[in-house]
Amino acid sequence: MNKPKMATEKGVPSNSRVLMLLGQLERMNGEAMVRDVEMARQVTTKILHLIQTQEKSGKEVMSKSSSGMEVILASLEVSSLIRRGRRVGVFVSKGGTGILFQILITASKDLPPSEELMLQLHSLLAKVGPKDRKFGVKARLSGALNVTINLMKQNLQNTKLLLPCLQVLRVFSTNSVNAISLGKNGVVELMFKIVGPYCKKNTSLLKVALDALGALLKSKTNARRAVDGGHVPVLLSLYLDWHRNDTRHRHMLIRKGLLVCLRNITNIKLGRKAFIEADGMRILYNSSTECLPVRTLDPLVNTSSLIMRKCFPKNRLPLPTIKSTFHYQLPHVPAVGPVAQLYSQPPGVDDVVDESDDNEEAEADSDTENEEDEKDHHSANDDIETDLNKLHPKKSPGRPFEELRVYERFFLELSEDFQVSVFSHALECASLEEDRALNAEEGLKGVKQEGSPVNATRHIQSPLLLGGITTRRVGGGGSNWGSDCGSEGAEDEVGEGAVLEVPDTALLLPLHDPDLYVEMVKGTHSVPQYAEVAYPDYFGHVAPTFREPLLERVYGVQRSKIFQDIERLIHPNDILDKVVYDLDIPSCPVIEDNGESLKFNSQFESGNLRKAVQVRKYEYDLVLNSDINSNHYHQWFYFEVSGMRVGTTYRFNLINCEKSNSQFNYGMQVLMYSVQEAISGRPRWVRTGTDICYYKNHFARSSIAAGGQKGKSYYTMTFSKNFSHKDDVCYFAYHYPYTYSTLKMHLSKLEALRTPQIYLRQDILCETLGGNSCPLLTITAMPESNSNDHICQFRNRPLIFLSARVHPGETNASWVMKGTLEFLMGTSPLAASLREAYIFKIVPMLNPDGVVNGNHRCSLSGEDLNRQWQNPSPELHPTIYHTKSLLQYLAHIQKAPLVFCDYHGHSRKKNVFMYGCSVKETVWQSNISATSSYLQEDLGYRALPKILSQIAPAFSMASCSFVVERSKESTARVVVWREIGVQRSYTMESTLCGCDQGKYKGLQIGTRELEEMGAQFCMALLRLKRLTGLRNHQHLLDLESDIIGTQTKVASCPTTYVMEEDEPSFLEAIDYSAESNDEDAEPENEHAGEVHEHPEHLDQLSDSDTNHRD
Ligand SMILES: [Zn+2]
């Protein structure tokens, strides 16, 4: 045969050769069906002959071979290209595997079967198997499993034959149904006869046997079989034996194989029990500690750590109950819903700890064939709304106008004629002052004065914070304080009785006023009746001028933290377990001691710390309080620490986090505010903390207490901090705090920014359950004059409706809102144009109660207010009810806003982005067919985010989504779009972490960037105005298309459906699943019975001695 020209392209000629030979094989196989035994014998003979010439090169075999079978086997085997794939791929795709199995079956009927033939066939199958997705099923259906098992049973001492059999068995076992069937036939026991203690001989065989055993033990039935057979101690002592003797680490893969067996057995509760009883924790802990210095042994350390974490006995949180410490009696408890569920739980339900794993459903294997079904259809796409009726936005008839008429008073600008007190705002001012006075008065009655760190004379007598130190404010507005780098006074230690200089932030923080803040606090109603003021909120925060890059994670941090956790079990005597702060003892949450412990406190607005336990000298477990009337939603934190030693690294563990992943694994740091720094002229929150990571811990709750939700396990967020000042008082927070009292102070100070050209009105929309008022702002420009034309222009301005902070833990939303408000009240020509263009209606804090009480997600009703928009209750969700009513009123008078936007924070993504609503893009993302009428949609909803992506550095268009999800059908965005008919209805999500694109790429987000975002949102509205201001609608569309790209362009790349998280999985991720960083770790959360026959994966299991990647 002529050598083809393309011979340099490896594979191609051989592929065609394989194809040709396969044809011959198929014909032979057809004949075999007819003349079976006789033909099989012939083939056997030929193969035997072939094996004798096996050593020769492929070319030689090709030229000598006369039969197709020989050629095929030879070309596959000799070239050993099998691993490289292409020929095998062709072979498999044309049905080669099935034919090999048939030959195997036929050959096995000879008694005794030819050893050489069996050897040859298994060697081939071992190489074909990993490339054939259906290999396991074909093997079982053809009956080949038993052939291999029987052969092995009869040849346990024949290592030459045993090796290829084990290699094939390893592939068989990755199929879950096969694994069960093999287990029933005694293969687990058989494997335990093969694996043995340290021995330099037959290590390849041992490695393959362990791989096969590991695969078999993934089946829970097999795992139980191994436990019942007493093999857990056996595996542990084998591991220890190899660990001790393999001193040069030549057999790391065998040691790893043993650990994988233990890892799979400990997936079942019985296995974990057996592991603990066999002293597995100590054995793996000690061996791992010895492995730590050798980096190449990382896979062993990681797998050991994974096993130990799983087996670590689950503990309850150190709390009397996981229900929130504070209780708020609701006017009525709705019949259904989270609160009803919480209060109908049997007593003691949260005393129970569920020992099962989150991912472990029933401890039984399913015998059904489901691994071949394409199971990946579920996933996030299930959440896409497919009901076209719900997708077609239509104004619901809503409520009768008579009912809505009362909201007219919030829209005075629409009726005001400016004839009487033209351009005066005395009235509005007066009403605000009255409100404030009222609040202050009420506050005085409710708030305990003793213990308050602040009093009217500015001499701070703080028993908790800075005992004995008096304070006075420096300067009188023109102080030299303020430059970020100017004050170097940090080393001045403030001793007892020293004068504490309170920073004067007036110049830098025009909206901040400490005295006014204290006044505001007095009018704020909290369920725990807080009487203290946290210093950061009192002093204010001046954004630092330096950059705060995303924290680079140090290799092995999580592992070392986990080892420290495991040491609690190994060395229980080292653990102090001393409670130093406990809100469940209301009389003395701060537990006095001899100065050997840190002091904690969070009894101030937005504070959230329930308990602090000193576990070691410099390590504390911290427990966050649940949202009121709830037993979960822990994420937000804000607490005070004092009594620290300088030069000592403290470790803090927030042990009852709930989300399964966190930006703390991806560069986010906690925020810290040092009072010493503040009084030295640097009053600011800074990103801080080292050794930060987030992982599943050994604390759990009962699944019933968790409301039947999946997450029974808690997660630890850990960070370390070395304090730099003696006698400091420091505050830690999840994100830049922004209290309700801060909002009230800012709103009050906004009045001072008013000019005669600005129309600013502040109303109280309603009272919250907790008795706090919910402010509503109206901002626009005063009419140019009281001429009819000007009044008419004034009234006809389109409305922009903004809201924020429905979720209390998303404080960043408030900082963005602050940026928006300050811009709107600004003196720039742009701000003036903007005010002339629109009337702004703003509810800056939709959930004051949640904010005040340190909740993360809910209001006092124990519910997520952003899931109540479809049917808000006037009693339980007043702020939502009345905000929606405002919008309904506007819809009724034909003045539905041009833009609605609700500001939020996002804990699992970077950048700032928007969610909007589009029928078309929702239909595109789902499989529903819709008539084209549904698809004719104005693209206007894309204009605003597109403009933002062009002007706001933190904003990322790529993260935006315009898909309507079912789970979001009761959110502000969807309801305002669907019921009020606002096409441009958005949620704007700001990252809590930082940016991975644009000007701020690689940096954590700060208040400056958040406020800038709020200002740029305004700028974008101005640009939008230029588009929408045009009369000709078609022209508008063209223009918008200009901005957002041509229609076809948009059509060709609709936004992808954005899932919850967008981080790539971390090498050392948070869960048990991907925690080990060697590549054969597979997710533990695979459903039982679902095993992937994944070729690459098996390749990595191969017995080659190639080193694993780090
Ligand atoms: Zn939110």
Side-chain angles (χ1 to χ4, degrees), residues 338 383 606 608 627 630 632-638 657-659 661-663 668 733-738 740 743 774 801-818 820 842-859 861-870 872 877 879-880 883-884 900-917 945 954-956 959-961 963-965 967-977 985-993 1005 1010 1013-1014 1017 1058-1062:
D383 194 26
S606 294
N608 185 353
D627 283 8
S630 146
H632 60 131
Y633 300 110
H634 329 96
Q635 193 168 342
W636 165 256
F637 57 86
Y638 184 15
C657 301
E658 287 169 297
K659 289 216 169 177
N661 200 351
S662 164
Q663 285 287 331
M668 182 163 82
Y734 178 64
H735 198 75
Y736 303 91
Y738 191 103
Y740 170 65
L743 173 75
C774 176
F801 204 112
L802 306 176
S803 60
R805 208 71 190 282
V806 70
H807 293 142
E810 295 163 5
T811 55
N812 47 358
S814 279
W815 290 97
V816 177
M817 182 54 87
K818 178 174 183 273
T820 295
I842 300 175
V843 184
M845 195 173 276
L846 280 166
N847 189 357
D849 289 348
V851 170
V852 170
N853 292 293
N855 283 7
H856 176 67
R857 187 86 181 170
C858 300
S859 73
S861 78
E863 292 162 301
D864 180 344
L865 288 181
N866 204 30
R867 294 293 183 278
Q868 312 302 330
W869 279 77
Q870 276 187 318
H877 326 114
T879 60
I880 305 301
T883 305
K884 185 176 176 183
F900 171 85
C901 188
D902 191 20
Y903 294 0
H904 283 251
H906 206 289
S907 67
R908 303 217 256 181
K909 281 169 165 268
K910 295 202 165 68
N911 311 315
V912 181
F913 52 93
M914 274 180 157
Y915 294 134
C917 302
F955 195 90
S956 159
S959 304
C960 294
S961 168
V963 171
V964 180
E965 306 92 334
S967 62
K968 306 281 178 69
E969 70 171 3
S970 202
T971 59
R973 161 180 60 109
V974 176
V975 171
V976 172
W977 170 73
S985 175
Y986 307 103
T987 297
M988 187 162 78
E989 301 272 2
S990 300
T991 181
L992 290 153
C993 175
I1005 202 122
L1010 293 166
M1013 189 63 230
F1017 183 84
V1058 182
M1059 297 189 13
E1060 267 293 284
E1061 266 177 78
D1062 58 0

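Counting starts at 1 for both ligands and their atoms, in listed order. For the numbers below, each heavy atom of this structure counts, side chains included, while hydrogens, waters and symmetry mates do not.
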inquiry  = So, of the N/O/S atoms that His904 has, which is the nearest one to the Zn ion (ligand 1)?
reply    = ND1

request  = Check whether the side chains of Asn911 and His906 place a donor and an acceptor atom closer than 3.5 Å, and report yes or no.
outcome  = no

ask   = Arg805 versus Tyr740: any side-chain heavy-atom pair under 4.5 Å?
value = no

request  = Answer with yes or no after comparing the ring centroid distance for His904 and Tyr915 against a 6.0 Å cut-off, counting only values under it.
outcome  = no

key: Evaluation steps, side chain to side chain donor-acceptor pair (under 3.5 Å), between Thr987 and Asp902   = CA-CA 5 Å; Thr987 297; Asp902 191 20; 5.4 Å; no

key: the Zn ion (ligand 1) to nearest N/O/S of Glu989 below 2.8 Å   = no

note = Answer key: the N, O or S atom of His807 nearest to the Zn ion (ligand 1) is ND1

